[in-house]
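Numbers restart at 1 for each chain; the letters A, B, ... are given by sequence-line order, proteins then strands. What you see is a predicted model; the values in this text were computed from it and never measured.
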Amino acid sequence: MSLSVKDLTYIYEQGTAMSVNALNHISLEIPDGQFIGLVGHTGSGKSTFVQTLNGLLKPTSGKIYWNGQDIHEENYDKKLLRAAVGLVFQYPEHQLFETDVITDVMFGPKNLGLSETECRDRAKEALLSVGLDERCWTKSPFDLSGGQKRRAAIAGVLAMKPEILILDEPTAGLDPKGRDEILNMVRGMKERLKMTIILVSHSMDDVAEYADRIIVMNAGEIMMDGTPAEVFTHSSELEEIGLSAPQMVYILQYLKENGLPVETDRLTVEEACSEILRVCRDAGY
Amino acid sequence: MFKDITLGQYYQTDSILHRLDPRVKLIGTLVYLVSLFIVRSVPGYIFAGIALAALIRLSNVPFRYIIRGMKSIMMILMITVLFNMFLTPGEPLIRIWKLSVTREGVIFAIRMAIRLVFLILGSSLMTLTTTPNQLTDALESVLGPLKKLHVPVHEISMMMSIALRFIPILMEETDKIMKAQIARGADFESKNLKKRIAALVPLLVPLFISAFRRANDLAMAMEARCYRGDSGRTKMKPLVYKKSDYTAYAIMTAFVLCCVALRIAGF
């Protein structure tokens, strides 16, 4: 079950003076089970890109294959594709509309034509996966807190049992605690449900800790594609396009330049901390 | 989806018309509309047509662009013409079943069609060359005297500009919510009418909620900047008449006088 993108180009308002080349000949393979961080500055085309992946936007040229099948072929069932490639939009809580949380989560499965009981089972499962307290399930979605609303909305996509889950800036507008909670939840879901995750973000710190592959987009093109450690060695190039490596990389690079023989590919505070301690111990402090 | 709406849209370019004071354009449009009803003969309509063509020329807006906005009005225009042709009493020309096309009806319908087309072209020329904000400023200034009669002119024009500003925002929002629901398997293009109406609920509920949220935020932001209506409020760009604006008024007066003269002369 893999997603493959060949020579994708998307042009907004083609043929007018306002035409914008949002995606420029992108080719990509997304194999099963990866946790991908898709990073780029505002306007780099990352949101447009993910919307082409489940057929919401039809590319100007190029092809997208899901399990080897062209998704824009005639008679291709887009509904099944959208169930398999789940897309959680930015501020997903703005899509909630039902009278209670569980009915809202059931909206997706219902659209797939499943039975009432199966819809309910899937909804419960999804709500448990996002860690939303059972007491909230019968509440109106509009009575929940911001973080809870976002979980409920993510559950709404999860209930369709996607094989790939794409999250577009899932931490936008959350405080640091809410951000960590959502990101930990995503990691937990990936491990438990064996999904492929594509996490879209403009913040390297968001993805550094969680992703095992990072794709950097700039001006509609893929600029870098590799493991976090590989990508972050190019910190000066990242800065040129308005991004930055995680803070820890900078600290370690600074230490190295000033004579401390540390490895610079430690991305989280804990890893960096133990690396510095190791070097210090070796030096006999 | 919303690409075809040109009526009431601003066309960004530079021209004499774009630079004119919005009050001149507002009053000018009204004057033109009135004068369309002053003239009632072929020479009169030709005169009004030439004036309009000259203005379109001056505006630097491509003629094709203006015509595109007319398409949506075409249907209404056709219906008006047909009704007038058939339902005006007078000397019958052709009979179709129980209905007859009358001579008076045809003349009336043609006159009506010309007036309507000029009317729409004239007013869309105003909106094409004037930004909505300029237009509401002009409206506030022109209706200013009504303040003495306790008409809340400033508040009305403020509401108008907010409403206009919100149109593109809400369109974008609609697009976003629609996509989010399609990603959850919603079907907005079902052939079944009942299903299609039911599909609007997941779109309209979030849309209304977001409209209220935005309105709330805006009210809060305005209050945070001490907005308290009209009293003591000054403008960053007050409307000031320039020499060209007076020239425009002079041409406008001459135009109306010509129309009146044509009418009196019996043309």
Under 4.5 Å from a heavy atom of chain B, the part of [X] involved:
X: A:Q51; value: side chain
X: A:L80; value: neither
X: A:Y91; value: neither
X: A:L96; value: backbone

- Query: Pick one: which of B:T130, B:L30, B:T127 meets side-chain contact (heavy atoms from CB on, under 4.5 Å) with B:K25?
  - Reply: B:T130
- Checking A:M189, A:E181, A:R187 against A:M185 for side-chain contact (heavy atoms from CB on, under 4.5 Å), the one that qualifies is A:M189
- Most chain A-contacting option - heavy-atom pairs closer than 4.5 Å, from B:I177, B:I182, B:D187: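 Between B:I177, B:I182, B:D187, the count favours B:I182.
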- Message: Taking every non-hydrogen pair under 4.5 Å, which of A:Q90, A:K78, A:H94 racks up the most with chain B?
- Response: A:H94
- Message: Counting heavy-atom pairs under 4.5 Å with chain B, which one of A:G55, A:G108, A:A153, A:A83 comes out on top?
- Response: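 Ranked by contacts with chain B, first place is A:G108.
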- Item | A:F107 and A:F97 aromatic centres sub-6.0 Å |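 They qualify: ring centres under 6.0 Å apart.
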- For the student: nearest non-hydrogen atoms of A:Q148 and A:C136, plus distance: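 That closest heavy-atom pairing would be NE2-SG, 3.6 Å.
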- List for me each residue that meets ring pair (Phe, Tyr, Trp, His ring centres under 6.0 Å) alongside B:Y249, sequence neighbours excluded, and say none if there are none.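 With sequence neighbours excluded, B:Y249 shows a ring pair (Phe, Tyr, Trp, His ring centres under 6.0 Å) to B:Y241, given in chain and number order.
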- Any residue meeting side chain to side chain donor-acceptor pair (under 3.5 Å) with B:Q181, in chain and number order, not counting sequence neighbours: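 Here the qualifying residues are B:R184.
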